[in-house]
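See below for the structure under consideration.
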Number of protein chains: 2
Amino acid sequence: MQDLSTELPLFQSIDSAIVEAILSARIRPGARLNENQLASLYGVSRTRVREAMMRLEARCIVRVSPRRGWFVVEPSADEARYIYGARRMIEAGLLRSMGPLDAAGRAALHQHLELERAAIAAGDRQRLTCLMGDFHIRIAQLAANPVLIEILRDLTARTILISLLYQSEFHAVQSHEGHCQIVEALEAGDAERAAALAVQHLDEVEDGLDLTRQPDPLADLRETLQPNREPGTSPRSPSAFT
Amino acid sequence: MQDLSTELPLFQSIDSAIVEAILSARIRPGARLNENQLASLYGVSRTRVREAMMRLEARCIVRVSPRRGWFVVEPSADEARYIYGARRMIEAGLLRSMGPLDAAGRAALHQHLELERAAIAAGDRQRLTCLMGDFHIRIAQLAANPVLIEILRDLTARTILISLLYQSEFHAVQSHEGHCQIVEALEAGDAERAAALAVQHLDEVEDGLDLTRQPDPLADLRETLQPNREPGTSPRSPSAFT
DNA sequence: TGGACAAATCTTGCATACAAGACTGGAAAG
DNA sequence: CTTTCCAGTCTTGTATGCAAGATTTGTCCA
């Protein structure tokens, strides 16, 4: 294995690089995380890679299969339900406790909704997946509670993995409209309605999942070998959605 | 250092042993966690101890001071406020989403309240601290959502550390009554009231904290050397409260 | 051709060695 | 008597080595 230590600086820790990759849907559930590869990628020894894995394991972001390897988690159907359930309770509680939006908060949310609209117009599904999750983190940021933000960030990461596993159709427009309605309610100072809308929104997204779908162990191979794809278009890159 | 490997079996992982010790208030915030000592206590090498520390670090249970050591976290005043804030939102959302109690749930909660009463009668402050935190975990258990239970367990652990740092007076009876009211509301199927009561209860507990108090680096020594204590009574053991 | 077995390879699990910073205690200088 | 400095000690930070299980691949036999 060649030395790649000069390729990527250790700007950010391994932990956040991996979480970031999940949050932006650049890495798939079940992806293998090889200790040696990560070590040479970051120019450190396996020790530090393992430490990062241990931390991510505690956050339910990766799992280890003994003597086989580390993998990005693939939430089961049950787990998916629990995660959506937890998010419903937490986000409802969060929204209900929120006072009226200040100018900065309103601006931040509107800017985010604008990004969503742009991504929809561009048909950039990967970016949309990322933005859809980010919306909920932004709400938590309005509450300016770092503890809650951390909790919701990890739940969002797991939610994105769930989407990649079970999302049959991607109702981007519907989700976007849900977000708009929540923002509207917040601007009207109607926290109660915002909370109810958030619960309903999460319900809709969860309903859009096909939780009966079995994880396909051949998915990666299938995609890689898929024929008649235009050259230059990576299988994982943005693709138009219907 | 003598070999203590036969003293404690590795029944439970180091992680849960430490969390358990915090949840039962057997270990103080700021307590040092020496890698070598833990290693020989559990009969393993430092490697595995460090792995446990990394996981606990990701859960904000311990922190490392570079080249000085590992310590049980001492939440700052700000952090304490964030944690109580997060708990208010999460527990309110949880309670509001709960349906009417079934027989098993009612039994579990009543049994818990009974334990609280017994501890109050016995004047066992350490046990009470533990029970007071456990109440909220039990509520989460009723929702049967493992994801939420994990989140609340970690928040509870940190809450207990906060109590040990900042709780000036321990209003055990008042807290117990708060719990009773919440259970009553749940039994009446009034989730809305239960949620409001929980928020109010957490507010009261937070108000009972003296967040201006600076962490006393001499606390341990002070307690250890405190004179005129009856022999046989450990400084950390149950003590009557007023 | 198909299946079973075995060697080779890969990957993690765990311990250990050594480096480096932080602290302690004592000696020496003012 | 106080302060400063330095050697010794302790503790964590990081790399590395080896063991052991899992997987793969190639070969042999039916």
Side-chain angles (χ1 to χ4, degrees), chain A residues 1-18 27 30-74 215 217-221 224-225, chain B residues 1-18 27 30-74 217-218 220-221:
Chain A
M1 187 178 301
Q2 55 179 332
D3 176 43
L4 305 173
S5 60
T6 54
E7 277 199 12
L8 277 187
L10 204 50
F11 279 151
Q12 42 185 358
S13 68
I14 303 171
D15 307 51
S16 52
I18 289 174
I27 195 173
R32 185 194 197 95
L33 298 170
N34 184 295
E35 290 184 3
N36 282 313
Q37 290 177 9
L38 284 170
S40 49
L41 190 62
Y42 286 95
V44 297
S45 80
R46 277 178 52 222
T47 306
R48 295 185 57 189
V49 174
R50 280 179 69 80
E51 289 176 351
M53 292 298 124
M54 296 294 164
R55 284 187 294 262
L56 290 174
E57 186 184 33
R59 293 164 63 185
C60 300
I61 303 280
V62 306
R63 70 179 176 84
V64 64
S65 176
R67 295 194 194 270
R68 298 201 23 194
W70 293 90
F71 303 89
V72 175
V73 293
E74 297 176 280
L218 302 181
D220 256 20
L221 190 57
T224 305
L225 298 181
Chain B
M1 189 179 298
Q2 55 180 333
D3 176 44
L4 306 173
S5 61
T6 53
E7 277 199 13
L8 277 185
L10 204 50
F11 279 150
Q12 42 185 357
S13 68
I14 302 171
D15 305 52
S16 51
I18 289 174
I27 194 173
R32 186 195 195 92
L33 298 170
N34 184 295
E35 291 183 2
N36 282 313
Q37 291 177 8
L38 283 170
S40 50
L41 189 62
Y42 285 95
V44 297
S45 79
R46 277 178 51 220
T47 305
R48 292 184 60 188
V49 174
R50 279 181 71 79
E51 289 176 351
M53 291 297 127
M54 296 294 162
R55 283 188 294 262
L56 291 174
E57 185 184 34
R59 293 164 65 185
C60 300
I61 303 279
V62 306
R63 69 179 176 85
V64 63
S65 175
R67 299 200 191 267
R68 294 191 14 124
W70 292 91
F71 302 89
V72 175
V73 294
E74 298 176 278
L218 304 180
D220 256 22
L221 189 57

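Predicted, not measured: the structure shown is a model, and the values here were computed from it. Sequence lines set the chain letters: A, B, ... in the order given, protein chains first and strands last, and positions in each chain run from 1.
For the pair A/R68 and D/dT23, the criterion of a side-chain N or O lying under 4.0 Å from OP1 or OP2 is met. Taking side-chain N and O atoms only, B/T47 has no distance below 4.0 Å to OP1 or OP2 of C/dC14. Of the side-chain N and O atoms in B/R50, one or more sit less than 4.0 angstrom from OP1 or OP2 of D/dG13. Phosphate proximity of C/dC10 to A/N36: absent, as no side-chain N or O sits under 4.0 Å from OP1 or OP2.
Nucleotide C/dC14 holds its P atom 16 Å from the CZ atom of B/R46, rounded to whole Å. Following rounding to the nearest Å, A/R63 (CZ) and C/dT11 (C1') show an atom-to-atom distance of 15 Å. Put simply, CZ on B/R48 is 13 Å from C1' on C/dT12, counting in whole angstrom units. For the pair A/L38 CG and C/dT11 C1', the computed distance is 13 Å after rounding to whole Å. For the pair B/M54 CE and C/dG13 C1', the computed distance is 16 Å after rounding to whole Å. Atom-to-atom, CD of A/E35 to P of D/dG21 comes out at 17 Å; the value is rounded to the nearest Å. Between B/Q37 atom CD and D/dT12 atom P there is a gap of 9 Å when expressed in whole angstrom units. Spacing between atom CD of B/E57 and atom P of D/dT12 amounts to 13 Å, rounded to whole angstrom units.
Place B/R67 and A/W70 on DNA chain C by their nearest nucleotides, and A/W70 ends up nearer the 5' end.
In this structure, CZ on B/R46 lies 11.5 Å from CE on B/M53, to the nearest 0.5 angstrom. Remark: B/W70 CH2 to B/L38 CG distance equals 11.5 Å, nearest 0.5 Å. Rounding to the nearest 0.5 Å gives a distance of 4.5 Å between CD of A/E35 and CZ of A/R50.
Taking the charged nitrogens against the carboxylate oxygens, A/R55 and B/E57 do have a contact shorter than 4.0 Å, which makes a salt bridge.
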